[in-house]
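As structure tokens, the structure follows; a few thoughts come after it.
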There are 2 protein chains.
Amino acid sequence: MAKAKQFHHGDLKRALLDAALELLDEQGDSGVGIRAVARKAGVSHAAPVNHFKDRRALLTGLAVTLFDDIQARISERLERTSDDPVLRIESVVRCFFEYGANHPHRYALLWRNDVVDHECEAMRIREDAVYDHICDEIDRLVAGRNVDKHTVAIGLWSMMHGYIDLKIVGMFEDRADSTSGEDRPEALLKMFRTIFDHYGL
Amino acid sequence: MAKAKQFHHGDLKRALLDAALELLDEQGDSGVGIRAVARKAGVSHAAPVNHFKDRRALLTGLAVTLFDDIQARISERLERTSDDPVLRIESVVRCFFEYGANHPHRYALLWRNDVVDHECEAMRIREDAVYDHICDEIDRLVAGRNVDKHTVAIGLWSMMHGYIDLKIVGMFEDRADSTSGEDRPEALLKMFRTIFDHYGL
DNA sequence: GCCATAAATTGACAGTGTCAATTTTATTCC
DNA sequence: GGAATAAAATTGACACTGTCAATTTATGGC
């Protein structure tokens, strides 16, 4: 009978993370408090302490599940992408673009240094995983050529993250996003292609 | 006698912002609470309400002063930069790189959508000002050519912000930042130059 | 059935943001 | 100058939060 329905609540950890995700989508990270989550899960205000010692631990646990979700989306899309490294890179970036646009609160939480512990092992593993999706393809791309793959990888990651983050903040509103009829994320990808071209990749 | 030394405290607003900045540098935005700021300014816990109706208003006011500071640094450096648009763009980007590296908590606050009100006029004015520093030069650069200046401007802004933000989070630690002896920010600037080259700018 | 242990509850504490009522200070008007 | 008025700061209270200690409840092994 697995592990469900055993204790008072029956695998409360999952229920807490579900409630936390709902609150995150509704109100952003500030709405994800220990007491609020416990309330939503129908449990006493101090119950979560058995599964998450801190609010920080709770938010970190939530971020871990978000990374796993992103990872699944990326893997699923890469299965439908050809073997061309450039196309695969662009597939990953499009995954992030969509994720940031559809779930701004979730995306923003991932990079909140104060409420999420990026040093813990669980987070590092997930960050490595998503980072490598892009870095590995770039590695294939620049193999043998005299190009620093890390610079390209960091440049691409930076542009991707920066665009999503600034768009969430609203930095590009009333400035450029609406004037041009074309799709801005696609235009950015196209522009970054010129870097690949320049290095003869 | 201007406006100083008139009321109980004598232009408390400035004192509150000074205290807020100190707390921000020490503990990050979570340390900048109304009561903590009031305590540091040596005033009762509800005194700030006369100058900032909200915690959000306090943090927004602080962010405004930070943008003014950045603006001053940029202007000062641009005076010492030649008329070449590319060089001027790179000067601005270097300003942000340095600011983010030297004052991570300040930089992070600027883009916190939940605690800072980016819709208010004071913020929009400052954001426009710093955005235009890069956008104007790009405008000069692409004048007459068949290039969408907004795409280039947004691309550059995104890469700049993304790198600073991810570096603060620690995303590039133990991955690439230490392996290469060369300066990563400069390498990113150099890489972005290939985009200018590609468009014949 | 008993015991040890894990899980959840209850109650308390200090801290927070925000508001209302009050007192203190400064400005304005006569 | 002195009184009236407005602004600024204080005090006290409220609901809320995270965290901890003590307690009660449920589970699995013997």
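Any value given below was found using the heavy atoms of this structure, including those in side chains, with hydrogens, waters and symmetry copies removed. If you're wondering where the values come from, they're calculated on a predicted model, not measured in any experiment.
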Whether the His198(B) and Asp197(A) side chains hold a donor-acceptor pair (N or O, under 3.5 Å, no angle test) is what I'd like checked. no
Candidate list Thr151(B), Ile134(B), Ile195(B), Val92(B), test side chain to side chain contact (heavy atoms under 4.5 Å, CB included), partner Leu156(B), passing option: Ile134(B)
I want to verify a distance call: between [options], whose nearest atom is closest to the [X] side chain?
| X | options | answer |
| --- | --- | --- |
| Ser44(B) | dG11(C), dT10(D), dA13(D) | dT10(D) |
| Ile34(B) | dT16(C), dA9(D), dT18(C) | dT18(C) |
| Arg35(B) | dT10(C), dG17(C), dT16(C) | dG17(C) |

Separation of atom [atom1] in [X] from atom [atom2] in [N], rounded to whole Å:
| X | N | atom1 | atom2 | value |
| --- | --- | --- | --- | --- |
| Leu12(B) | dT25(C) | CG | C1' | 14 Å |
| Asp29(A) | dT17(D) | CG | P | 15 Å |
| Leu23(A) | dG18(D) | CG | P | 11 Å |
| Leu16(A) | dG18(D) | CG | P | 13 Å |
| His45(B) | dG12(D) | NE2 | P | 9 Å |

Please list residues of residues 47-63 of chain A whose heavy atoms come under 4.0 Å from any atom in DNA chain C, ordered by number; otherwise none. Ala47(A), Asn50(A), His51(A)
Counting N and O atoms only, with roles assigned by atom type, does the side chain of [X] sit under 3.5 Å from a partner on the main chain of [Y], one being a donor and the other an acceptor?
| X | Y | answer |
| --- | --- | --- |
| Ser75(A) | Ala72(A) | no |
| Arg55(B) | Val32(B) | yes |
| Asn50(B) | Ala47(B) | yes |

Are any of the side-chain nitrogens in Asp18(A) or Arg14(A) under 4.0 Å away from the carboxylate oxygens of its partner? no
